[in-house]
Amino acid sequence: MTVVIAVVVVVAAIAIVEGRHHTSGSSSGQVVTAAGTIYYITVGQYNAISVDPDTPSVIAGSFKCTYPVVLYTMDTQQFEALVTHNEVNYTWTSGQIQNYTVYHFSAPVAAGAWSLVFIDPSKINPVTVVFYSNVTLGPS
């Protein structure tokens with residue numbers, strides 16, 4: 001538990017020292033995760049943001065991670081396969097995002113239930129993700 005707290009504190013300090021990098025975006029987007037939110041993802045695990053737009057949309061934002069991470073969009077069936085069978089099927093992926101890089105993403109999603117999934121591909125290192133801007137869901 002002490003290691004988890006130490007990692008979160010270090011990452012938060014990095015975010016504060018370097019300053020937040022905000023992207024200029026449409027104010028019409030719905031905020032689904034606030035800037036400054038921190039995700040701690042244990043080795044080989046994931047974290048997800050769920051959205052359920054009525055029309056085709058775009059989920060967008062920016063973050064920085066302590067170790068490489070892979071970002072995916074998954075529909076309900078794809079996410080269920082991840083949860084129950086640890087199978088990674090996806091509609092869109094960022095590819096592997098290198099550590100300490102501010103990554104700006106914009107991923108299209110159709111109407112319906114979707115998950116924006118952050119997966120730690122490492123077999124050794126947990127990942128901390130710090131959101132540098134709001135993650136928003138807006139019109140495509």
Side-chain angles (χ1 to χ4, degrees):
M1 183 65 167
T2 304
V3 172
V4 172
I5 293 169
V7 170
V8 170
V9 169
V10 168
V11 173
I14 290 168
I16 292 168
V17 170
E18 292 184 356
R20 290 211 177 117
H21 302 126
H22 294 281
T23 59
S24 59
S26 170
S27 61
S28 63
Q30 170 192 356
V31 175
V32 294
T33 301
T37 298
I38 298 173
Y39 284 172
Y40 179 76
I41 306 170
T42 58
V43 175
Q45 295 299 307
Y46 60 87
N47 203 334
I49 299 170
S50 298
V51 296
D52 193 1
D54 294 331
T55 60
S57 300
V58 173
I59 188 166
S62 62
F63 65 90
K64 192 175 195 178
C65 51
T66 56
Y67 285 96
V69 69
V70 182
L71 184 59
Y72 300 96
T73 57
M74 298 180 181
D75 64 24
T76 303
Q77 292 79 17
Q78 293 165 334
F79 189 66
E80 181 70 23
L82 175 66
V83 172
T84 60
H85 304 294
N86 204 30
E87 292 176 14
V88 178
N89 299 307
Y90 57 89
T91 302
W92 173 89
T93 184
S94 62
Q96 187 165 297
I97 299 161
Q98 293 306 309
N99 50 316
Y100 300 110
T101 301
V102 176
Y103 182 74
H104 303 275
F105 64 91
S106 179
V109 291
W114 288 87
S115 294
L116 181 68
V117 183
F118 297 78
I119 295 182
D120 176 5
S122 174
K123 305 280 190 249
I124 302 169
N125 299 307
V127 175
T128 302
V129 175
V130 178
F131 290 93
Y132 271 59
S133 68
N134 290 335
V135 176
T136 60
L137 180 66
S140 58

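Only a predicted model underlies this, so the values are computations on that prediction, with no experimental measurement involved. Residue numbers count from 1 along this sequence.
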So, using side-chain hydrogen bond (donor to acceptor under 3.5 Å, both in side chains) as the criterion, who are the partners of T91 when residues are at least two apart? Q78
By side-chain contact (heavy atoms from CB on, under 4.5 Å), E87 pairs with (sequence neighbours left out) A81, H85, N89
Parallel, tilted or perpendicular: rings of F63 and F105 (30°, 60°): tilted
What about V109 and V70, same hydrophobic cluster or not, with Ile/Leu/Val/Met/Phe/Trp/Tyr joined at side-chain heavy-atom distances under 4.5 Å? no
For I124, the hydrophobic cluster (side chain heavy atoms closer than 4.5 Å, chained through members) also holds none
Mind checking ring-ring contact (aromatic ring centres under 6.0 Å, His included) for Y67 and listing every partner two or more places apart, or none if nothing turns up? none
Got a second to check how far K64's NZ is from F131's CZ, nearest 0.5 Å? 14.5 Å
Distance, nearest 0.5 Å, that separates CD of Q96 from SG of C65: 9.0 Å
Just by modelled atom types, is the E80 backbone N or O under 3.5 Å from a matching donor or acceptor in the T84 side chain? yes
Between OH of Y46 and CG of L71, what distance do you get to the nearest 0.5 Å? 15.0 Å
Quick one: name the residues clustered hydrophobically with V31, using the 4.5 Å side-chain heavy-atom rule over I, L, V, M, F, W, Y, and just say none if it's on its own. none
Flag side-chain contact, heavy atom, 4.5 Å: T33 against Y39: yes
Partner residues of P56 under the side-chain contact (heavy atoms from CB on, under 4.5 Å) criterion, sequence neighbours left out: S140
Under 6.0 Å from the OH atom of Y90, do we count more than 12 heavy atoms belonging to anything else shown? no
Side-chain donor/acceptor pairs under 3.5 Å, residues 111-121, sequence neighbours excluded:
from: W114; atom 1: NE1; to: A110; atom 2: O; distance (Å): 2.8
from: D120; atom 1: OD1; to: S122; atom 2: N; distance (Å): 2.9

Are the side chain of T93 and the backbone of G95 linked by a donor-acceptor contact shorter than 3.5 Å? yes
Taking side-chain contact (heavy atoms from CB on, under 4.5 Å) as the test, write out the residues that go with V32, two or more places apart. Q30, I49, V51, I59, V135, L137
